[in-house]
Amino acid sequence: MAGLAADFAVLGLSEPLLKAVAAKGYRSPSPIQLQCIPAVLAGHDVMAAAQTGTGKTAGFTLPMLERLRHGPHARGGVVRALVLTPTRELAAQVAESVTAYGRYLDLRSDVVFGGVSANPQIDRLRRGTDVLVATPGRLMDLHQQRAMRLDRVEFLVLDEADRMLDMGFIRDIRKILALLPERRQTLLFSATFSSEIRRLATGLLLSPVQLQATPENRTAATVEQLLHPCDMASKPDLLCHLIRSNDWQQVLVFSRTKHGANRMAERLDKEGISAAAIHGNKSQGARTRALSGFKSGEVRVLVATDIAARGIDIHQLPHVVNLDLPNVAEDYVHRIGRTGRAGQSGHAVSLVAAEEHELLRAIERLIGNPLPKAAVPGFEPTVLSAPPLDLSGGRGRRPQSGGGGRGSSGRPGAPGRSGASSRDGSSARRRSRP
Ligand code: AMP
């Protein structure tokens with residue numbers, strides 16, 4: 001087996017999987033894979049603190065496929081392994097990984113999410129699926145239409161569980177759980193572990209092995225972070241200037257609002273810097289096109305809202321820019337997790353106006369360090385203190401004291417408490433922390 005991903009072989013994976021790993025060009029397992037693969041192969045439930053970029057997808061997919069290949073394959077609407085993800089993009093990416101890692105096995109895998117026609121999905125599912133990747137809303141819809149049966153599920157994976165709760169999927173998840181057999185192996189991945197996630201995990205996992213890819217709520221050490229203080233009004237100019245003067249070729253920019261994302265992308269385009277916006281109001285087709293243009297290099301700047309950017313997997317993304325700071329401090333960690341992936345160093349820049357100082361304090365408290373600051377000549381802030389941003393979406397200001405950015409989604413009309421979901425990646429967000 002020399003040459004066939006030898007470091008993976010010692011973890012207990014067999015030849016078809018080692019061949020697939022070698023074909024992906026992986027030389028050695030990432031830390032989360034080192035921990036997760038043997039635990040899953042040994043049949044344990046797993047609860048892992050791991051964000052995108054740690055190699056978590058291979059961490060759960062490889063051993064799951066290894067176990068599935070030995071059992072009777074799925075027939076007649078049966079689903080053997082169910083992977084739930086919060087967004088369509090992440091579902092598509094996980095499904096791509098399942099296909100890539102399973103290419104030398106004869107297991108059947110599929111992916112279902114909202115925003116596309118359900119009928120072809122129903123036809124496919126009726127044949128049985130060894131690994132089904134799904135967003136919770138569409139899965140429930142399809143189950144109600146009796147497209148598949150979930151009472152034979154051997155594996156359940158909740159990927160980015162914190163996001164699923166944030167996006168109001170908890171009711172769908174609980175309904176799905178009620179349809180699964182009690183005897184199964186369950187793996188839960190989450191970037192952060194709030195008390196809500198821990199509550200969910202308690203009823204879900206049986207004596208889980210607990211793993212951690214990076215220290216909880218700490219940003220990856222390979223991401224160089226920098227803050228440019230500036231005025232709110234000069235942010236678009238500053239962003240154009242940074243991209244030009246540094247000659248950045250692939251930049252993911254985060255905007256707090258969909259409208260802001262559109263405006264920034266239009267502005268960049270006008271400046272001759274190719275850009276696309278990606279957010280919940282864009283059709284699935286437009287999102288997929290924007291993402292593939294960005295991956296291929298045709299689109300130099302992708303301007304995204306937090307939800308749309310969730311789960312975007314781009315190899316070695318060199319630059320992330322926070323055009324606005326996120327409303328919720330944990331999102332900062334998620335955002336900059338897009339860069340500096342799998343050991344590569346990355347670069348995360350935040351443009352911060354006086355109105356965002358409270359949000360900044362909450363982020364610095366969370367990551368445990370002040371962010372290094374450097375004003376850009378010509379863009380020094382003229383406004384040094386200002387009232388905090390109104391993050392309530394026009395329904396009156398919410399105080400930001402004490403936690404920074406809590407309790408409000410910043411989206412017009414977003415529910416404050418109930419988290420009604422518009423399903424599968426475009427749902428309103430819910431925060432129910434203290
Ligand atoms: P994930 O955290 O699962 O989203 O994976 C992040 C990226 O790391 C993906 O592009 C994977 O293809 C890549 N990756 C996963 N495992 C390895 C590995 N062992 N060596 C190199 N790259 C990897």
Side-chain angles (χ1 to χ4, degrees), residues 3-13 17-41 46 48-66 81 83-103 109 111 131 133 157-164 187-192 211-215 218-223 250 252 291-292 294-296 304 309-318 320 333-346:
L4 256 193
D7 287 352
F8 282 92
V10 297
L11 296 179
L13 298 172
L17 290 160
L18 296 177
K19 259 168 79 179
V21 165
K24 290 284 282 180
Y26 303 165
R27 274 187 289 241
S28 52
S30 71
I32 192 76
Q33 290 163 1
L34 273 176
Q35 303 172 74
C36 195
I37 293 172
V40 177
L41 288 178
V46 168
Q51 58 192 62
T52 309
T54 53
K56 68 183 164 72
T57 315
F60 64 75
T61 306
L62 290 168
M64 189 172 78
L65 292 174
E66 179 69 50
V83 182
L84 292 177
T85 75
T87 64
R88 301 163 185 180
E89 283 80 9
L90 185 61
Q93 280 166 15
V94 171
E96 257 175 48
S97 297
V98 172
T99 307
Y101 301 134
R103 63 194 277 196
S109 65
V111 56
V131 182
V133 186
V157 182
L158 296 179
D159 196 9
E160 305 205 351
D162 49 350
R163 284 288 144 171
M164 287 200 270
L187 320 176
L188 182 146
F189 288 78
S190 194
T192 54
L211 309 177
Q212 194 143 342
T214 49
R218 301 283 151 159
T219 51
T222 50
V223 181
Q250 194 185 38
L252 178 61
L291 198 55
S292 65
F294 187 56
K295 282 186 177 180
S296 72
R310 197 65 203 149
I312 289 180
D313 171 29
I314 299 151
H315 242 331
Q316 302 161 15
L317 187 59
V320 165
V333 180
H334 288 296
R335 285 179 176 193
I336 76 161
R338 314 283 115 197
T339 182
R341 322 179 61 131
Q344 302 286 323
S345 77

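Counting convention: from 1, in listed order, for ligands and their atoms alike. Residues take their numbers from the sequence shown, with the count starting at 1.
The N/O atoms of Y26, backbone and side chain alike, include one that comes under 3.5 Å of an N/O atom in ligand 1. For Q33, a nitrogen or oxygen atom sits less than 3.5 Å from a nitrogen or oxygen atom of ligand 1, counting backbone and side chain alike. At a 3.5 angstrom cut-off on N or O pairs, F8 does not count as close to ligand 1. For ligand 1, none of its N or O atoms has an N or O atom of K24 under 3.5 Å away.
Here F189 pairs with F60 under the ring pair (Phe, Tyr, Trp, His ring centres under 6.0 Å) rule; sequence neighbours left out. In this structure, the side-chain contact (heavy atoms from CB on, under 4.5 Å) partners of S109, at least two apart in sequence or on a different chain, are V98, T99, V131.
Close approach of ligand 1 to S28 (heavy-atom distance below 4.0 Å) involves ligand atoms 18 (C), 19 (N), 20 (N). Ligand-side atoms of ligand 1 in range of S30: 19 (N), range being under 4.0 angstrom from any heavy atom. Of all atoms in ligand 1, listed by their number and element, those nearer than 4.0 Å to a heavy atom of T57 are 1 (P), 3 (O), 4 (O).
In this structure the side chain of E66 reaches within 4.5 angstrom of the side chain of L41, judged on heavy atoms. Within the 4.5 Å cutoff, side-chain heavy atoms of K56 are placed close to those of D159. When side chains are defined from C-beta on, L291 counts as touching Q93, because their heavy atoms get closer than 4.5 Å. Between M164 and L158, some side-chain heavy-atom pair lies under the 4.5 Å cut-off.
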